[in-house]
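Heads up, the thing below is written out as structure tokens.
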Amino acid sequence: MSNRIVWFKKNLRYKDNETLIDQDKKSILIYIIEPELWKQKDMSLRQWQFTLDSLKDLQHQLTKNNLHLNILYGDALEIFKFLKDKYNFDSVISEQETGIKWTFERDKKLKSFFLQNDIHWIECAYPGVRRGHHDRNQWAKFFRKDILRYPNLPIIKQSINLGLKNYDLPKIFYDTTPCPNRQKGGSREAEKLLSTFLNSRGENYQYEMSSPISAEKSCSRLSTHLTYGTISHRSVFQEATQKKEKIQLTNKNFAKSINSFLSRLHWRSHFIQKLEDQPSIEHESFIPVYDQIREKDFRKLDAWIEGKTGVHFIDACMIYLRNHGWINFRMRAMLASFASYNLWLDWRYFGPRLAALFTDFEPGIHYSQLQMQSGTTGINTIRMYNPYKQALDQDPEAKFIKSQLPEYNNFPPSFFFKPPELSNNENLFNDSKLETIVDVTKTAKFARDKIFSIRKLPEHQKMAKNVFIRHGSRQNR
Ligand SMILES: Cc1cc2nc3c(=O)[nH]c(=O)nc-3n(C[C@H](O)[C@H](O)[C@H](O)COP(=O)(O)OP(=O)(O)OC[C@H]3O[C@@H](n4cnc5c(N)ncnc54)[C@H](O)[C@@H]3O)c2cc1C
């Protein structure tokens with residue numbers, strides 16, 4: 001009898017994992033550490049460390065259930081060739097991956113090897129993400145169908161231990177920025193986060209998600225777990241739905257917060273679907289003309305990524321992100337807006353650097369969001385965040401700024417809410433540790449004029465219509 005390979009990719013969990021469906025075959029469970037993947041520009045040491053925590057936790061969960069995870073190191077194609085020679089197998093089951101170009105190309109090579117060798121590759125669809133031709137108008141319907149289904153599958157009971165003792169670890173990463181407050185990986189951590197969020201932390205989520213001070217506690221913090229699949233998107237959605245129904249009449253505020261959370265889980269698949277439908281959006285603007293207008297200035301990029309722009313709220317957010325591997329949505333949008341409008345940098349230039357700092361880097365969300373925040377999709381409202389106004393709105397006592405930039409502890413909060421040219425604290429700017437690298441008001445005006453002059457062009461409007469037909473949200477959840 002032939003064997004079957006169960007290939008864990010970004011679905012590092014035992015519970016609610018369709019790839020573990022029982023079949024009339026012996027299964028070999030594998031995870032492949034691919035050193036070339038970890039060298040990609042948007043990948044980083046912090047993401048690998050989270051993956052390693054999660055692999056160890058997965059091994060533990062599988063062992064408890066009498067299953068064995070074989071961890072291999074190397075090029076995936078070479079590994080499948082080796083497994084084919086040594087342990088005859090005729091099928092591979094894995095989760096369908098919507099990833100960066102590198103994983104897309106790797107999967108194409110594997111597909112052709114499997115075809116040549118009569119190996120059936122079953123790819124379990126990510127909830128709400130359709131591969132191949134589909135009707136975008138029907139997307140919300142099939143998202144609901146996928147996400148509300150509970151497969152309740154018979155899980156495999158036995159697996160083959162290949163007897164591999166050790167595995168190498170990737171050594172080269174594009175980004176090795178230390179991350180002392182990184183989240184821990186593994187399903188147990190994910191389940192704890194979900195439970196505390198649905199039982200207490202999330203009560204004021206709808207009001208507290210935008211400030212970096214309250215967001216750390218009030219957001220679910222599940223993104224990295226969803227990216228690496230230590231918890232299933234479907235079970236998070238279902239548990240949250242049940243909780244909302246239970247408290248709908250007794251705690252309306254909490255129920256509303258859960259509703260906002262459910263919308264975001266819906267957006268997650270909506271964004272991944274965009275990359276699935278058009279992989280080029282990782283490298284090309286939705287509207288190509290925008291690829292010609294911005295700069296690649298390494299001095300500005302370095303100042304931004306190191307938190308040394310002299311715009312204090314921007315720097316505080318960047319330093320927090322570097323040390324935590326996470327920051328909330330509003331601050332991510334502001335960081336991206338500052339880079340693309342005020343620093344006038346090309347999103348393709350700064351985007352991978354930002355991705356590497358996110359432990360939760362999810363290509364479908366990341367590259368679509370970068371394009372939205374840079375105004376290159378043609379279909380979204382242009383949002384330029386004023387970092388001084390954001391500081392006033394989200395950090396009115398400058399507590400967050402000072403927690404990240406303690407050298408400013410003696411400065412009054414008002415110092416952080418206006419640019420040097422409009423400030424009443426001029427003398428303090430002379431004491432400031434860093435000179436502001438751009439004039440935020442002038443650069444925002446320049447960017448606005450430029451972007452709106454392009455948006456008015458008839459060709460732009462035609463292209464934007466096509467982008468909407470292909471990717472636009474249909475608002476009928
Ligand atoms: C420029 C930019 C880049 C981003 N890159 C990523 C990324 O690489 N990976 C990533 O997971 N998120 C990304 N986001 C979206 C969002 O900021 C994070 O999902 C969120 O901050 C994660 O924290 P949380 O899990 O506590 O989210 P919660 O607010 O608790 O939301 C729950 C889940 O919903 C999903 N979600 C939340 N907001 C969005 C959104 N706007 N679009 C799509 N899905 C959403 C995430 O899976 C998140 O875990 C990006 C946003 C911006 C503006």
Side-chain angles (χ1 to χ4, degrees), residues 10 42-44 46-47 50 98-100 126-129 143 147 183 189-190 193-194 196-198 201-212 214-234 236-237 239-240 257-275 282 304 317-318 320-321 324-341 345 347-348 350-377 380 383 385 390 473:
K10 288 169 82 180
D42 26 27
M43 305 300 286
S44 56
R46 59 189 59 196
Q47 296 162 7
F50 184 94
T98 306
I100 54 175
Y126 192 85
V129 180
F143 171 75
I147 207 83
Q183 283 185 286
E189 289 295 320
L193 284 174
L194 179 61
T196 55
F197 178 73
L198 291 181
R201 286 192 300 115
E203 179 154 11
N204 293 316
Y205 171 75
Q206 54 174 332
Y207 307 114
E208 296 184 344
M209 66 170 86
S210 296
S211 162
S214 45
E216 181 174 319
K217 176 192 132 261
S218 298
C219 287
S220 73
R221 309 298 310 276
L222 280 165
S223 50
T224 316
H225 292 282
L226 290 166
T227 291
Y228 288 97
T230 53
I231 194 163
S232 90
H233 188 166
R234 179 168 40 221
V236 174
F237 193 94
E239 272 195 49
S257 281
I258 296 184
N259 209 37
S260 307
F261 173 67
L262 288 169
S263 300
R264 280 155 182 84
L265 291 174
H266 172 101
W267 296 349
R268 175 178 181 85
S269 295
H270 168 75
F271 279 106
I272 297 175
Q273 183 71 61
K274 291 181 197 235
L275 184 65
E282 180 191 348
W304 176 75
C317 287
M318 190 55 95
Y320 179 92
L321 169 61
H324 291 75
W326 178 90
I327 196 159
N328 60 324
F329 174 81
R330 175 70 67 91
M331 299 302 107
R332 292 185 196 207
M334 182 188 72
L335 287 172
S337 154
F338 186 78
S340 53
Y341 294 122
L345 295 174
W347 66 268
R348 297 168 301 166
F350 71 81
R353 298 290 301 275
L354 189 62
L357 292 180
F358 292 153
T359 316
D360 63 19
F361 169 49
E362 178 64 59
I365 305 179
H366 187 70
Y367 287 108
S368 309
Q369 277 292 345
L370 275 180
Q371 293 219 41
M372 278 172 76
Q373 306 305 336
S374 304
T376 61
T377 65
N380 301 101
R383 285 215 170 85
Y385 291 88
Q390 286 300 313
S473 167

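As the structure lists them, so they are numbered: ligands from 1, and atoms in each ligand from 1. All values reported here derive from a predicted model rather than from experimental measurement.
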Could you report the tightest heavy-atom contact between R46 and L357, atom names first, then the distance? NH1-O, 2.9 Å
Please list, in number order, the atoms of ligand 1 under 4.0 Å from a heavy atom of S223. 11 (O), 22 (C), 23 (O), 25 (O), 49 (O)
State whether the shortest distance between N or O atoms of R268 and N or O atoms of ligand 1 falls below 3.5 angstrom. yes
So do the side chains of L193 and Q183 get within less than 4.5 Å of each other, counting heavy atoms only? yes
Which one holds for D360 and ligand 1: side chain close, backbone close, both close, or neither close, with close meaning a heavy atom under 4.0 Å? both
Pair listing, salt bridge (Lys or Arg N to Asp or Glu O under 4.0 Å) test, anchored in residues 357-368, at least two apart: R268-E362, R332-D360
Using non-hydrogen atoms of the residue, decide whether R221 is closer than 4.0 angstrom to ligand 1. yes
Is E362 in polar range of ligand 1, meaning some N or O pair under 3.5 Å apart? yes
Which of the ligand 1 atoms, numbered from 1, are nearer than 4.0 Å to a heavy atom of Y205: 28 (P), 29 (O), 30 (O), 31 (O)
re atom 3 (C) of ligand 1, the protein heavy-atom contact at minimum distance is H366 ND1, 3.5 Å
Heavy atom of the protein closest to atom 6 (C) of ligand 1 (residue, atom name, distance): R332 NH1, 3.3 Å
Please determine if W326 has a nitrogen or oxygen closer than 3.5 Å to a nitrogen or oxygen of ligand 1. yes
Between atom CZ of F361 and atom CE of M43, what is the distance when rounded to the nearest 0.5 Å? 7.0 Å
Go through ligand 1 atom by atom and flag the ones less than 4.0 Å from a non-hydrogen atom of L226. 47 (O), 49 (O)
A student checking ligand 1 against F261 at a 4.0 Å heavy-atom cut-off should list atoms 30 (O), 32 (C)
Atoms of ligand 1 under 4.0 Å from any heavy atom of F271, numbered from 1 in the order shown, are 42 (N), 43 (C)
Using heavy atoms and a threshold below 4.0 Å, how should the contact between I327 and ligand 1 be classified: side chain, backbone, both, or neither? backbone
